[in-house]
Amino acid sequence: MGNLLKVLSYNDLEQCPTFFLDFEHAQPTEAETVVWNQVNSVLEEAQGILAELQSYRGAGQEIRQAIQNPSDVHLQEEAWRAVCPLVAKLKRFYEFSLRLENALHSLLEALTSPPYAPTQHLEREQALAKQFAEILHFTLSFDELKMTNPAIQNDFSYYRRTVSRNRLNNFQVDSDCDVNNEMANRMSLFYADATPMLKTLSNATTKFVSENKSLPIEDTTDCLSTMACVCRVMLETPGYRSRFTSTETLLFCMRVMVGVIILYDHVHPVGAFAKTSKIDMKGCIKVLKDQPSTSTEGLLNALRYTTRHLHDDTTSKQIRALLQ
């Protein structure tokens, strides 16, 4: 069946079909081309966004000098010149999140639309499933970088304070930032979240469900749980792992599995950790713990701290213990 091979038709324990998805070579069919091209135009920018974020160093030194010497006009101007291009960069990141939200909406629409069930869509439309995985991979990568870089919020806070002070003093400064007050408010909300891209995807998925009331919520959550099963089976089965030509693909697969679990936990009414969940959480956590800790600790932390239902009464003590 091309790059997506059905390996189990049904799993009695998980009530979840599982597939092998070739993340390295899936290509769009003619039926997928329109959506694939639309999403690809967004994903083409993803690596550049991550590279920019990874190299983001902030204007901490200039800001400290300006704050410590409030009457030194030269230092104030230096801090402003240092911060402005950084804020322009943060604006691009935020605007990219909006484009990513639209791309996710298109994929969810394609992967849940009648007459096919979500699992049939994933089997038939391998290239779109791969793009969905790439969005999840980007999301976790972006949020990991953002969480470890406090300069982002410090820079933007300084920018907003300076703009506010200048406005009160009726003082106009040249700015290449081009961030109006409404945009600044939206950016503040975005960067205030510990995992802003994940929140964007979660909100987008919830919005998709609420806007498509004729579509059962299970169609969306089944799409997510099936993807989690796909990744777990590939990671725990040597025969499938050996098909990957790069160790990077294994990390990609782990990120996608964790990303889709978190998304499921935010969208599903009872979450991913309940006994009724269609995701084998014990199996997924075990797969992560079987890998070198250097490559999985961040992913385990994502499950610990960015899920919504881990500490619910419906979560078994065994699963909680596995994540301690």
Side-chain angles (χ1 to χ4, degrees), residues 35-56 58 83-111 128 130-157 159-160 177-211 220 224 227 252 255-256 258-267 298 302 305-308:
V35 174
W36 189 91
N37 284 337
Q38 178 190 340
V39 176
N40 189 58
S41 68
V42 178
L43 286 173
E44 281 179 337
E45 297 180 37
Q47 288 306 311
I49 293 289
L50 289 178
E52 279 194 84
L53 180 56
Q54 192 158 26
S55 63
Y56 190 102
V83 164
C84 268
L86 295 172
V87 170
K89 188 177 290 190
L90 295 179
K91 181 188 176 188
R92 287 199 302 275
F93 296 165
Y94 170 71
E95 290 174 333
F96 183 77
S97 77
L98 302 180
R99 298 184 63 207
L100 198 72
E101 181 179 348
N102 290 333
L104 179 66
H105 189 281
S106 297
L107 284 175
L108 288 174
E109 200 167 45
L111 294 172
L128 297 186
K130 179 186 173 187
Q131 285 184 319
F132 183 39
E134 287 170 343
I135 286 177
L136 290 163
H137 180 264
F138 166 82
T139 296
L140 263 68
S141 300
F142 182 97
D143 286 348
E144 278 185 13
L145 290 171
K146 187 266 179 185
M147 279 193 289
T148 56
N149 196 338
I152 289 172
Q153 282 181 274
N154 293 339
D155 292 346
F156 195 63
S157 294
Y159 168 80
R160 295 212 72 184
C177 303
D178 190 28
V179 177
N180 61 36
N181 194 51
E182 182 185 351
M183 172 64 77
N185 287 336
R186 294 204 303 263
M187 288 172 63
S188 287
L189 289 172
F190 178 76
Y191 287 111
D193 199 276
T195 53
M197 284 293 175
L198 179 63
K199 186 173 183 180
T200 296
L201 292 200
S202 175
N203 290 345
T205 307
T206 303
K207 183 180 177 182
F208 173 80
V209 170
S210 66
E211 288 179 349
T220 304
L224 303 179
M227 183 69 82
F252 177 92
R255 283 185 183 276
V256 172
V258 169
V260 82
I261 288 170
I262 296 169
L263 199 54
Y264 181 101
D265 193 58
H266 278 251
V267 175
Y305 305 122
T306 65
T307 47
R308 181 171 289 173

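- Considering only heavy atoms from C-beta on, Ile135 stays 4.5 Å or farther from Val42 through its side chain.
- Of the possible polar contacts, none joining the Glu101 side chain to the Thr200 backbone as a donor-acceptor pair under 3.5 Å is found.
- To the nearest 0.5 angstrom, His137 atom NE2 is 12.0 Å from Leu43 atom CG.
- When all heavy atoms are compared, the tightest approach of Trp36 to Gln131 is O-NE2, 3.0 Å.
- With a 4.5 Å cut-off on side-chain heavy atoms, Gln54 and Leu50 do not count as touching.
- The aromatic rings of Phe142 and Phe93 stand perpendicular to each other, their planes meeting at an angle above 60°, with 30° marking the opposite boundary.
- A salt bridge links Arg186 with Glu182: the closest approach of a Lys/Arg side-chain nitrogen to an acidic carboxylate oxygen falls below 4.0 angstrom.
- Within 6.0 Å of atom NZ in Lys199, 12 or fewer heavy atoms from other residues, nucleotides or ligands are found, so the atom counts as exposed in its surroundings.
- Val256 has its side chain within reach of Phe252: a pair of non-hydrogen atoms, C-beta onward, lies under 4.5 Å apart.
- Although no hydrogens or angles enter the test, the distance criterion places a donor-acceptor pair under 3.5 Å between the side chain of His266 and the main chain of Thr306.
- Once rounded to the nearest 0.5 Å, the distance linking CG of Leu107 with CG of Asn102 reads 11.5 Å.
- Listed for the Asn149 side chain is a donor-acceptor partner under 3.5 Å among the backbone atoms of Tyr56.
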Kindly determine whether Lys146 and Met197 satisfy side chain to side chain contact (heavy atoms under 4.5 Å, CB included), including the steps that lead there. CA-CA 10 Å; Lys146 187 266 179 185; Met197 284 293 175; over 6 Å; no

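- The distance from atom OG of Ser97 to atom OH of Tyr191, rounded to the nearest 0.5 Å, is 7.5 Å.
- A heavy-atom distance below 4.5 Å is not found between the side chains of Val39 and Leu128.
- Distance check, rounded to the nearest 0.5 Å: CZ of Arg308 to CG of Leu263 gives 10.5 Å.
- In this structure, Thr205 and Tyr264 have side chains that are not in contact, with every pair of non-hydrogen atoms separated by 4.5 Å or more.
- Aromatic ring centres of Phe156 and Phe190 lie farther apart than the 6.0 Å criterion allows.
- A donor-acceptor contact shorter than 3.5 Å links the side chain of Ser210 to the backbone of Lys207.
- Between Ser106 and Gln38, the shortest heavy-atom distance links the atoms OG-NE2, 2.7 Å.
- Closest approach of Ala151 to Gly58, counting heavy atoms only: CB-CA, 3.9 Å.
- Looking at heavy atoms from C-beta onward, Leu90 lies out of side-chain contact with Tyr159 at the 4.5 angstrom threshold.
- The side-chain heavy atoms of Asn185 and Arg160, taken from C-beta on, include a pair separated by under 4.5 Å.
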Show, in sequence, the C-alpha distance, side-chain angles and deciding distance for Asp155 and Val87, and conclude whether the side chain to side chain contact (heavy atoms under 4.5 Å, CB included) test is met. CA-CA 7 Å; Asp155 292 346; Val87 170; 5.5 Å; no

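- One distance of note links NZ of Lys89 with CD of Glu52; it measures 5.0 Å at 0.5 Å rounding.
- Put simply, the side chain of Leu100 does not reach to within 4.5 Å of the side chain of Leu104, judged on heavy atoms.
- A salt bridge links Arg255 and Glu144; the closest N-O separation between the charged side-chain nitrogens and carboxylate oxygens is under 4.0 Å.
- Environment of CD in Glu45: crowded, with over 12 heavy atoms of neighbouring residues, nucleotides or ligands closer than 6.0 Å.
- Between the side chain of Asn154 and the backbone N or O of Pro150, at least one donor-acceptor pair lies under 3.5 Å.
- Of the inter-residue distances, the one linking Ser141 atom OG with Leu136 atom CG reads 10.5 Å to the nearest 0.5 angstrom.
- For Ser202 (side chain) and Leu198 (main-chain N/O), no donor-acceptor pair under 3.5 Å exists by modelled atom type.
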